[in-house]
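Chain A is the first sequence line, chain B the second, and so forth, proteins listed ahead of strands; every chain is numbered from 1.
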Protein chains: 2
Amino acid sequence: MTQEQEAGLEQKILETAEQLFLEKGFAMTSTTEIAKKAGCNQALVHYYFRTKENLFQSIFEQKIRLLISSFQDHEMQNLTFEEKLKRKIETHFEMIRANPRLPFLVMNEFTTNPSRLEAFRIKIIAVPQAVFHKLEEELNEEIRAGRIRDITVMDLVLNIVSLNAMLFLTGNIFKCVAQLSEEQYQMMIEHRKQEHVKVILASLRP
Amino acid sequence: MTQEQEAGLEQKILETAEQLFLEKGFAMTSTTEIAKKAGCNQALVHYYFRTKENLFQSIFEQKIRLLISSFQDHEMQNLTFEEKLKRKIETHFEMIRANPRLPFLVMNEFTTNPSRLEAFRIKIIAVPQAVFHKLEEELNEEIRAGRIRDITVMDLVLNIVSLNAMLFLTGNIFKCVAQLSEEQYQMMIEHRKQEHVKVILASLRP
DNA sequence: TTACAATTTAATAGCTCTATTAATAAACGC
DNA sequence: GCGTTTATTAATAGAGCTATTAAATTGTAA
């Protein structure tokens with residue numbers, strides 16, 4: 001049916017754990033539940049990953065990389081800065097749309113377990129600088145030319161990430177409170193994508 | 001020392017629980033821990049509140065009301081729409097700044113426990129409509145006069161809430177990754193407040 | 001003082017969770 | 001086939017958690 005099916009229990013456990021961690025976070029997911037849903041004995045989870053923390057970290061680290069990479073460049077030299085930025089916003093948006101619970105997981109785990117945050121700091125500190133360096137140069141060039149207002153790359157990225165991530169962080173809340181059908185919800189998501197682009201581009205006008 | 005001190009253990013338990021729930025969420029906080037930190041026997045927590053869920057809900061409901069009320073009107077008739085909106089953004093910002101873990105708590109509990117969300121839906125569905133109705137009228141008047149672009153009150157509010165809430169949701173992460181001192185962090189917060197006002201106002205220009 | 005109510009505690013029942021261990025089944029080289 | 005890894009399970013130790021109960025302590029009104 002799906003892409004897994006005949007992949008062995010180790011892989012199955014990994015996939016099940018990923019799904020459950022994304023759904024309910026680390027604390028609310030037990031190895032017992034993972035095993036039951038993966039269709040194996042609970043001890044097998046510990047046989048492959050020794051501890052629940054191990055299992056979580058292998059999933060978590062990979063997901064963090066995915067998150068950061070979504071801001072990577074995508075070869076579009078012949079476009080205006082505005083067009084490039086629009087694409088960047090949309091790419092980031094679509095990455096989160098494809099992993100809608102990821103912002104929740106990151107926030108939840110880094111907030112409830114600050115030691116995890118400290119451990120990851122070294123791993124991820126170098127990445128953003130590399131990713132944002134080119135954007136920064138282009139941004140400064142536009143500012144120098146007077147085509148956009150003065151703004152740091154940090155502020156710009158924070159604005160984009162805030163809008164995009166928050167939409168999916170509050171997605172279920174909004175859907176429930178506003179009593180939206182799945183179809184209405186998807187339309188709203190699509191509409192917000194346009195809105196985010198509008199807001200960011202407008203916020204840069206001199 | 002602080003404002004409590006001689007308030008009885010029931011109050012003390014309530015305050016301690018609030019602090020711990022905000023810090024670590026519902027699942028990661030035990031009644032045992034609450035009792036120890038409040039300086040009483042664990043059974044006393046259950047004597048006053050019967051269940052952990054009860055204790056949580058009495059805190060949670062009050063906090064949700066606080067969140068919503070921050071968008072309430074504050075009597076400023078003689079100001080331009082732009083000035084009024086600026087004040088609204090800043091009021092909302094300051095409310096979250098005074099309760100910086102509140103966005104995390106709301107998101108965490110509504111996300112990990114959808115049944116809580118359903119239970120709260122009825123209670124909170126009426127409030128936003130009342131709060132946002134006046135804003136909507138003023139907004140539409142500005143649009144009709146051509147002073148701002150066409151936008152729904154929902155989009156406007158989502159933009160504001162996204163920027164303000166997300167700043168504090170990611171506050172600790174950012175502070176740690178960027179290795180900011182407390183002072184630097186506070187400056188950054190202040191700077192972002194101005195940035196949010198800038199972004200929202202700019203995003204409304206026709 | 002005494003009776004009675006409110007507060008606080010010690011003890012513990014009953015779960016559930018993580019992790020380990022020892023035993024069993026499957027797979028695989030030789 | 002035989003021995004040796006590898007995979008899988010049943011059983012359980014050990015800990016922590018929620019909630020209850022019964023007893024002890026404190027407060028209070030007659």
Does the distance from a Lys or Arg side-chain N to an Asp or Glu carboxylate O, for B:K88 and B:E94, drop under 4.0 Å? no
Distance alone, cut at 3.5 Å: any donor-acceptor contact between the side chains of A:R101 and A:N108? no
Considering only residues two or more places apart or on different chains, which pairs with a residue in residues 152-201 of chain B satisfy ring pair (Phe, Tyr, Trp, His ring centres under 6.0 Å)? B:F93-B:F168, B:F93-B:H196
Applying side-chain hydrogen bond (donor to acceptor under 3.5 Å, both in side chains), can you list everything that pairs with B:E90, at least two apart in sequence or on another chain? B:K86
Can the positive tip of A:R116 be found less than 6.0 Å from the middle of the six-membered ring of A:F26, inside 45° of the ring normal? yes
Listed partners of B:R50 passing side-chain hydrogen bond (donor to acceptor under 3.5 Å, both in side chains), at least two apart: none
For A:S181, enumerate each residue passing the side-chain contact (heavy atoms from CB on, under 4.5 Å) test, keeping only those at least two apart in sequence or located in another chain. A:E183, A:Q184
If you measure from the Lys or Arg side-chain nitrogens to the Asp or Glu carboxylate oxygens, is any gap between A:E15 and A:K12 under 4.0 Å? no
In whole angstrom, what separates B:I34's CD1 from D:dG16's C1'? 14 Å
Taken in chain and number order and not counting sequence neighbours, the residues that satisfy side-chain contact (heavy atoms from CB on, under 4.5 Å) with B:E190 are B:R97, B:K193, B:Q194
Could you list the residues that satisfy side-chain contact (heavy atoms from CB on, under 4.5 Å) with A:K84, not counting sequence neighbours? A:M76, A:Q77, A:L79, A:E138
Which parts of residues 18-32 of chain B get close to DNA chain D, meaning a heavy atom less than 4.0 angstrom away? B:T29, B:S30, B:T31, B:T32
Which residues, if any, of residues 52-61 of chain B bring a heavy atom under 4.0 Å of DNA chain D? B:K52
Using side-chain contact (heavy atoms from CB on, under 4.5 Å) as the criterion, list what pairs up with B:E137, not counting sequence neighbours. B:H133
At the 4.0 Å heavy-atom cut-off to chain B, mark where contacts on DNA chain C begin and end, going 5' to 3'. C:dA6 to C:dA10
Among pairs that include at least one residue of residues 25-38 of chain B, which meet salt bridge (Lys or Arg N to Asp or Glu O under 4.0 Å), considering only residues two or more places apart or in two chains? B:K24-B:E33
Sorted by number, the residues of residues 42-50 of chain B with heavy-atom contact under 4.0 Å to DNA chain C: B:A43, B:L44, B:Y47, B:Y48
